[in-house]
Amino acid sequence: RRPTVPSLSASLAAVPEATFGVGAEGGLESVGDLLMEAGWIVIARRGDPPGQLGVGSSARFQVPPAVCRGLQTGAELGTVMSDLSGVQDVGKKGGAHALLTNYAIDRSACYHQGISPCSLPFCRRRSLLEVKQFTGLERSVLFIY
């Protein structure tokens with residue numbers, strides 16, 4: 001699941017002089033028999049055509065069985081986490097990441113790692129030939145966007 005465009009648009013609107021905007025939101029994803037949670041992050045450069053985005057994700061973690069049972073009722077992750085932990089406004093207190101790690105890791109720490117892969121499409125592009133000439137290597141691997 002990709003972050004919504006409104007969160008990205010709100011980011012750009014909040015700081016009119018910013019070159020880039022960042023949107024992020026959590027999402028649940030089934031991977032085989034497991035339910036995983038991850039943060040999805042998008043970056044857009046102001047003035048670029050709509051849809052030209054960098055997309056990345058945070059580290060994922062397996063949602064514990066007790067939380068999965070609560071989610072099966074249709075409740076949101078934050079609500080289930082509050083119900084199970086007794087902590088209100090979990091989303092404002094580090095999210096599920098914080099509760100599940102006894103506050104050793106919070107959502108923000110996990111989401112930061114998703115920003116680097118998002119920025120790849122906006123990095124200076126070099127042709128394979130330029131890189132070979134610069135490095136003197138016979139073989140080079142590049143991710144080209």
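One is the number of the first residue; the rest follow in order along the sequence. Here the structure is a predicted model, which is why all the values come from computation and not from measurement.
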Is a side-chain donor or acceptor of [X] paired with a backbone partner of [Y] at a separation under 3.5 angstrom?
X: K93; Y: V87; answer: no
X: R107; Y: G91; answer: yes
X: T101; Y: I105; answer: yes
X: Y111; Y: G26; answer: yes
X: R46; Y: G21; answer: no
X: T79; Y: A75; answer: no

**Message:** Is there a side-chain contact between L100 and P64 in this structure, where contact means two heavy atoms from C-beta onward sitting under 4.5 Å apart?
**Reply:** yes
**Item:** Heavy-atom side-chain proximity of V67 to M81 below 4.5 angstrom
**Value:** yes
Roughly how far, to the nearest 0.5 Å, is [atom2] of [Y] from [atom1] of [X]?
X: R69; Y: L84; atom1: CZ; atom2: CG; value: 9.0 Å
X: S119; Y: F20; atom1: OG; atom2: CZ; value: 8.5 Å
X: I43; Y: S11; atom1: CD1; atom2: OG; value: 9.5 Å
X: E25; Y: W40; atom1: CD; atom2: CH2; value: 11.0 Å
X: Q62; Y: C68; atom1: CD; atom2: SG; value: 7.5 Å

Please say yes or no: joined through hydrophobic side-chain contacts below 4.5 Å, possibly via intermediate residues, are [X] and [Y] part of one cluster?
X: L99; Y: L35; answer: yes
X: L77; Y: Y103; answer: yes
X: L12; Y: V22; answer: no

**Prompt:** side chain to side chain contact (heavy atoms under 4.5 Å, CB included) with F122: which of T19, D48, L53?
**Reply:** D48
**Prompt:** Would one find more than 12 heavy atoms of other residues, nucleotides or ligands at under 6.0 Å from atom CD of Q113?
**Reply:**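 Yes, because the 6.0 Å sphere around CD of Q113 holds more than 12 heavy atoms from other groups.
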**Message:** Which heavy atom of V90 sits nearest to which heavy atom of S85, and what is that distance?
**Reply:**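 In this case the closest contact between V90 and S85 is CG2-OG, 4.5 Å.
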**Nearest non-hydrogen partners of C118 and G56, listed with the distance** = SG-N, 3.1 Å
**Request:** Apply side-chain contact (heavy atoms from CB on, under 4.5 Å) to the pair L28 and L71, showing each step before the final yes or no.
**Result:** CA-CA 10 Å; L28 297 169; L71 293 170; 3.7 Å; yes
**Message:** Could you work out, with side chain to side chain donor-acceptor pair (under 3.5 Å) as the rule, every residue matching D106, not counting sequence neighbours?
**Reply:** none
**Message:** Under a 4.0 Å threshold between the charged nitrogen and the carboxylate oxygen, would R60 count as salt-bridged to E29?
**Reply:**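 Salt bridge between E29 and R60, a charged N being under 4.0 Å from a carboxylate O: yes.
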